[in-house]
Amino acid sequence: MKNYAQVYVKNSFEAAEIYCKAFGAEITREFKNDAGTLYEHCELSVNGEGFLALAEAKKPCDIELVHKMKWETMTFNVFEMGSEEAVHRAFDVLSDGGVVLEPIGELPWSKCCATVMDRFGVCWWIAI
């Protein structure tokens with residue numbers, strides 16, 4: 001059995017591009033709407049393993065409100081990223097237009113980690 005998360009976002013094409021850049025992922029399966037303007041379903045993989053699915057939100061939330069309230073309803077934990085450089089790259093990409101909840105730092109369980117809510121309202125904890 002396998003399990004990975006799916007996010008529903010406004011601007012699904014942009015989100016796929018951002019997540020590929022942040023995590024070194026690639027689009028391995030995609031289904032666009034008839035007009036070709038959004039993803040009905042898109043799957044991202046890292047090193048051949050399923051990482052994240054995404055789709056265009058039918059009723060997108062108010063991202064400005066989510067950012068203002070720092071409204072975390074779920075956090076995706078991306079860990080064992082391999083290097084501090086990988087964490088910094090993901091942090092830089094995800095924090096552009098997003099909100100930093102915890103800057104890159106050290107915790108007893110991780111020597112390099114951060115928490116960021118990206119421009120789509122998705123919350124990420126990233127770590128070595």
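The basis for the numbers below is simple: all heavy atoms, side chains too, and nothing from hydrogens, waters or symmetry mates. Source: prediction; values computed, not measured. FYI, the numbering just counts along the sequence from 1.
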Under a 4.5 Å cut-off applied to non-hydrogen side-chain atoms, are [X] and [Y] in contact?
{"X": "Ile104", "Y": "Cys113", "answer": "no"}
{"X": "Val93", "Y": "Lys21", "answer": "yes"}
{"X": "Val99", "Y": "Lys70", "answer": "yes"}
{"X": "Glu30", "Y": "Glu40", "answer": "no"}
{"X": "Phe51", "Y": "Tyr4", "answer": "no"}
{"X": "Met81", "Y": "Phe23", "answer": "yes"}
{"X": "Leu101", "Y": "Glu72", "answer": "yes"}
{"X": "Asn33", "Y": "Tyr39", "answer": "no"}

Return the [atom1] to [atom2] distance between [X] and [Y], rounded to the nearest 0.5 Å.
{"X": "Leu54", "Y": "Cys42", "atom1": "CG", "atom2": "SG", "value": "4.5 Å"}
{"X": "Glu80", "Y": "Ser110", "atom1": "CD", "atom2": "OG", "value": "10.5 Å"}
{"X": "Leu38", "Y": "Phe31", "atom1": "CG", "atom2": "CZ", "value": "14.0 Å"}
{"X": "Gln6", "Y": "Glu43", "atom1": "CD", "atom2": "CD", "value": "8.0 Å"}
{"X": "Glu17", "Y": "Ser12", "atom1": "CD", "atom2": "OG", "value": "12.0 Å"}

Practice task
If you link ILVMFWY side chains whenever their heavy atoms are less than 4.5 Å apart, which other residues fall into the same cluster as Tyr8? By chain and number, please.
Solution key: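 Taking Ile, Leu, Val, Met, Phe, Trp and Tyr as members, Tyr8 stands alone, with no cluster partners.
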Return the minimal non-hydrogen interatomic distance between [X] and [Y], and the atom names on each side.
{"X": "Lys10", "Y": "Ala57", "value": "N-CB, 4.4 Å"}
{"X": "Thr28", "Y": "Ser45", "value": "OG1-OG, 3.0 Å"}
{"X": "Cys20", "Y": "Leu44", "value": "SG-CD2, 3.8 Å"}
{"X": "Phe91", "Y": "Glu102", "value": "CE1-O, 4.4 Å"}

Practice task
Mark yes or no for whether Ser83, through its side chain, and Ala86, through its backbone, hold a donor-acceptor pair below 3.5 Å.
Solution key: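 It does hold such a pair.
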Exercise for the section: Please check if the side chain of Glu56 supplies one atom and the backbone of Asn11 the other of a donor-acceptor pair under 3.5 Å. Expected result: yes
Exercise for the section: Spell out, yes or no, whether Val100 and Phe76 are grouped together once hydrophobic residues are joined by side-chain heavy atoms under 4.5 Å, including indirect joins. Expected result: yes
Distance-only check: which donor-acceptor pairs under 3.5 Å involve side-chain atoms of residues 114-126, not counting sequence neighbours?
unit_1 : atom_1 : unit_2 : atom_2 : d
Asp118 : OD1    : Phe120 : N      : 2.7
Asp118 : OD1    : Gly121 : N      : 3.1
Asp118 : OD1    : Val122 : N      : 3.0
Asp118 : OD2    : Tyr19  : OH     : 2.5
Asp118 : OD2    : Trp124 : NE1    : 2.9
Arg119 : NE     : Asp96  : O      : 3.4
Arg119 : NH1    : Glu14  : OE2    : 2.7
Arg119 : NH2    : Asp96  : O      : 3.1
Arg119 : NH2    : Asp96  : OD2    : 3.3

